[in-house]
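Presented below is the structure to which this report refers.
Reminder, nothing fancy here: chain letters follow the sequence lines and each chain counts from 1.
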Amino acid sequence: MNKLQNMTVAMILSGLLMAVGNVIGYQVDWYSSLLGVLVIIVIGLIGMAISQVPGLNKLPMVFWISIVAIIISLPSFPGSAWVIQITKKVQFLAVTTPILAYAGLSLGKDIELFKKLSWKIVPVTLAVMTGTFLFAAIIAQFVLKWEGAI
Amino acid sequence: MDILRNWKIHLLVLIIVVMSENLGIIKYGLIILLPLLHALVLGGIISFPKFKILSTKQMEVAAGILPIAMMLLIVKIGLDIGPNLSLLFHSKGALLLQEIGHFFGTVILGLPIAVFLRMGRESIGATYSVAREPNIAIIAEKYGLDSPEGRGVMATYICGTLVGAVWLSILTGVVAKLGILHPYALAMGSGVGSGSMMAASVGSIIAAYPDMEQQIRAYAGAANLMSTILGIYVSLFFSLPLATKLYNFLSKFQSDKETAKEKV
């Protein structure tokens, strides 16, 4: 089984788990949840296919998938209103939960490595994460004000 | 089929999703705990090596599915960018300039603390970036991973994987509740260039400002896309030299010659 088939299966599987979460957590019906997830998967697969094209594969898959999703959602793109309406039913938080569940299940292997580190890395890592988030947000705040966007 | 053969992982994710979504969003004062956070913590507990529920290989399968599942989140966010493109275009200056905060905020806040804790040259690798895979590759190529810089970047990578999303989710929730910074500014701040960290952070902003959900995701998605694309170049040509210079400067003030010998 090649890499692309594996990725397709993984995408469909994680999509189904997102639909489950969408039904349980946000009281959306099964039909809308599954249809919404299906559309999201199809867009993901189109982006994935494009990212495999020789030449285009110089840029990461996340770039191509973003571009495809952005183009499809442009108001001037035929059928964009339908796509947005269908995929809106899939809640953002429902999409994130299975992803972080997979992330959680992979943490065990990092826990062993973590034990070998000095405690010092904990405050340093927290400072690194805080710094990147907070400084970007503060700069954004000033420039947004200056641009009159807020 | 490698992915389907590891059905135990998917079954566990299903159980975790059902439990996390049932728990729902928990608000406790300034702190917002999202289902994604429950899922991360539950998953982490299940995978704890002591419990022997999962083998290392199974954990690697979970880690392998993660970036693919992440692509669906990227689609979901991308679909919010199109309808908001004119809004984003009106704030193109903010979108561009906030990246300065993303790329240098790690050094500005992290490096002095690392130097103060006497981490030696590990400080450089540990704080020059958010230490995701591309950043590791840069250090590996320049210094090798068994150098002090390499040990530093790996340490932040491991620690960031364990605590990054949890920390950002809670921090963002608190900052959002304080109401000093606009949700759009927070949204751009959350585009740190790591999918799970962005998801955790954006989730908290949306929980605090549900009526601006779509715009928040559009800003976050655009900022994250920029961090992802520009990240590798900026961290190689600007952040790493800056971290090195600042380290050399700050370590001058340390009288203790033992500093360099200390390991992370």
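- Listed options B:Ile46, B:Leu171, B:Thr56, B:Val192 were ranked by heavy-atom pairs under 4.5 angstrom with chain A; first place goes to B:Leu171.
- Between the CD1 atom of A:Ile12 and the CD1 atom of B:Ile68 there is a distance of 11.5 Å, given to the nearest 0.5 Å.
- The part of A:Leu134 that comes within reach of chain B is its side chain, from C-beta onward, which places non-hydrogen atoms under 4.5 angstrom from that chain.
- Put simply, the side chain of B:Val17 does not reach to within 4.5 Å of the side chain of A:Met18, judged on heavy atoms.
- Using a 4.5 Å cut-off between heavy atoms, A:Leu13 contacts chain B through its side chain alone, with no backbone atom that close.
- For B:Ala165, the part lying under 4.5 angstrom from a heavy atom of chain A is the side chain only.
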- Would you sort out whether B:Val75 and A:Ile65 count as a side chain to side chain contact (heavy atoms under 4.5 Å, CB included), showing the intermediate values? CA-CA 6 Å; B:Val75 172; A:Ile65 290 183; 3.4 Å; yes
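- Once rounded to the nearest 0.5 Å, the distance linking OG1 of A:Thr97 with CE of B:Met19 reads 13.0 Å.
- In this structure, chain B has no heavy atom under 4.5 Å from any part of A:Met48.
- When each of A:Ala137, A:Ala127, A:Gly25, A:Ser14 is scored by its heavy-atom pairs under 4.5 Å with chain B, the top score falls to A:Ala137.
- Looking at B:Gln58, neither its backbone nor its side chain comes within 4.5 Å of chain A, counting heavy atoms on both sides.
- Using a 4.5 Å cut-off between heavy atoms, B:His182 contacts chain A through both its backbone and its side chain.
- The closest side-chain heavy-atom distance from A:Leu107 to B:Phe48 is not below 4.5 Å.
- The line from CZ of A:Phe92 to CD1 of B:Ile77 is 4.5 Å long, rounded to the nearest 0.5 Å.
- Options B:Ala218, B:Ala62, B:Gly110, B:Pro35 differ in how many heavy-atom pairs under 4.5 Å they form with chain A, and the most are formed by B:Ala62.
- In this structure, the portion of B:Ser20 lying under 4.5 Å from any heavy atom of chain A is its side chain and not its backbone.
- Counting heavy-atom pairs under 4.5 Å between each of B:Asn84, B:Leu34, B:Leu66 and chain A puts B:Leu66 at the top.
- Contacts with chain A (heavy atom to heavy atom, under 4.5 Å) involve these residues of residues 221-229 of chain B, listed by number: B:Leu225, B:Thr228, B:Ile229.
- Counting only distance, with no hydrogens or angles, the side chain of A:Glu112 and the backbone of B:Pro49 share no donor-acceptor pair below 3.5 Å.
- B:Leu72 touches chain A through backbone and side chain together, each having a heavy atom under 4.5 Å away.
- A distance of 15.0 Å separates CZ in A:Phe142 from CD in B:Gln98, rounded to the nearest 0.5 Å.
- The parts of B:Leu162 that come within reach of chain A are both its backbone and its side chain, each placing non-hydrogen atoms under 4.5 angstrom from that chain.
- Between A:Leu144 and B:Met188, the closest side-chain pair of non-hydrogen atoms falls below 4.5 Å.
- Side-chain contact between A:Ile43 and B:Leu79 is present, with heavy atoms from C-beta onward closer than 4.5 Å.
- For the pair A:Ser73 and B:Asp80, the minimum side-chain heavy-atom distance is 4.5 Å or more.
- Note that CD1 of A:Ile99 and CG of B:Leu73 are 4.5 Å apart. Values are rounded to the nearest 0.5 Å.
- Contacts between B:Met197 and chain A at a heavy-atom distance below 4.5 Å involve the side chain alone, from C-beta outward.
- Summarising the geometry of A:Phe114 relative to B:Cys159, their closest heavy-atom pair is CE1-SG, 3.8 Å, with the distance given to 0.1 Å.
- The distance from the NZ atom of A:Lys88 to the CD atom of B:Gln214 is 5.5 Å, given to the nearest 0.5 Å.
- Heavy atoms closer than 4.5 Å to chain A are found nowhere in B:Ile53, neither backbone nor side chain.
- Considering only heavy atoms from C-beta on, A:Val62 comes within 4.5 Å of B:Met71 through its side chain.
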- Item | From CA spacing to verdict: side chain to side chain contact (heavy atoms under 4.5 Å, CB included), B:Met119, A:Ile121 | CA-CA 9 Å; B:Met119 276 177 59; A:Ile121 198 61; 4.0 Å; yes
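- Residue B:Leu95: no heavy atom, backbone or side chain, is found under 4.5 Å from chain A.
- Proximity to chain A is limited to the side chain of B:Leu168, based on heavy atoms less than 4.5 angstrom apart.
- In this structure, the side chains of A:Leu100 and B:Leu37 stay at 4.5 Å or more apart for every pair of heavy atoms.
- Ranked by heavy-atom pairs under 4.5 Å with chain A, the first of B:His90, B:Arg217, B:Met70, B:Lys92 is B:Arg217.
- At a 4.5 Å heavy-atom cutoff, the contact between A:Trp119 and chain B is made by side-chain atoms alone.
- Heavy-atom distances place no part of B:Ile45 under 4.5 Å from chain A, backbone and side chain included.
- Of the two parts of A:Tyr26, only the side chain, counted from C-beta on, holds a non-hydrogen atom closer than 4.5 Å to a non-hydrogen atom of chain B.
- Between A:Ile24 and B:Glu21 the shortest heavy-atom distance is CG2-CB, 4.1 Å.
- In terms of heavy-atom proximity, A:Pro123 sits nearest to B:Leu117 at CG-CD1, 3.9 Å.
- Looking only at side-chain heavy atoms (C-beta outward), A:Val20 and B:Val18 come within less than 4.5 Å of each other.
- Highest contact tally toward chain B, considering only A:Thr132, A:Val143, A:Ile139, is held by A:Thr132 [criterion: heavy-atom pairs under 4.5 Å].
- When the candidates B:Gly203, B:Gly93, B:Ala131, B:Ala114 are compared by the number of heavy-atom contacts under 4.5 Å with chain A, B:Gly93 comes out ahead.
- The two residues B:Glu213 and A:Gln91 make their nearest non-hydrogen contact at OE2-OE1, 4.2 Å.
- For the set B:Thr127, B:Ile16, B:Ile65, the entry with the most heavy-atom pairs within less than 4.5 Å of chain A is B:Ile65.
- Side-chain N or O atoms of B:Lys76 include one that pairs as donor or acceptor with a backbone N or O of A:Val90 at under 3.5 Å.
- With chain B as the partner, the residue from A:Ala94, A:Ala140, A:Ala136 showing the most heavy-atom pairs under 4.5 Å is A:Ala136.
- Contact annotation for B:Phe116: neither backbone nor side-chain heavy atoms come within less than 4.5 Å of a heavy atom of chain A.
- The side-chain contact (heavy atoms from CB on, under 4.5 Å) with B:Pro83 is formed by just one residue from the set A:Ile84, A:Ile70, A:Leu74; it is A:Ile84.
- Looking at B:Val175, only its side chain comes within 4.5 Å of chain A, counting heavy atoms on both sides.
- Nearest heavy-atom pair across A:Ala101 and B:Val13 is CB-CG1, 3.9 Å.
- In this structure, no portion of A:Val37 lies under 4.5 Å from any heavy atom of chain B.
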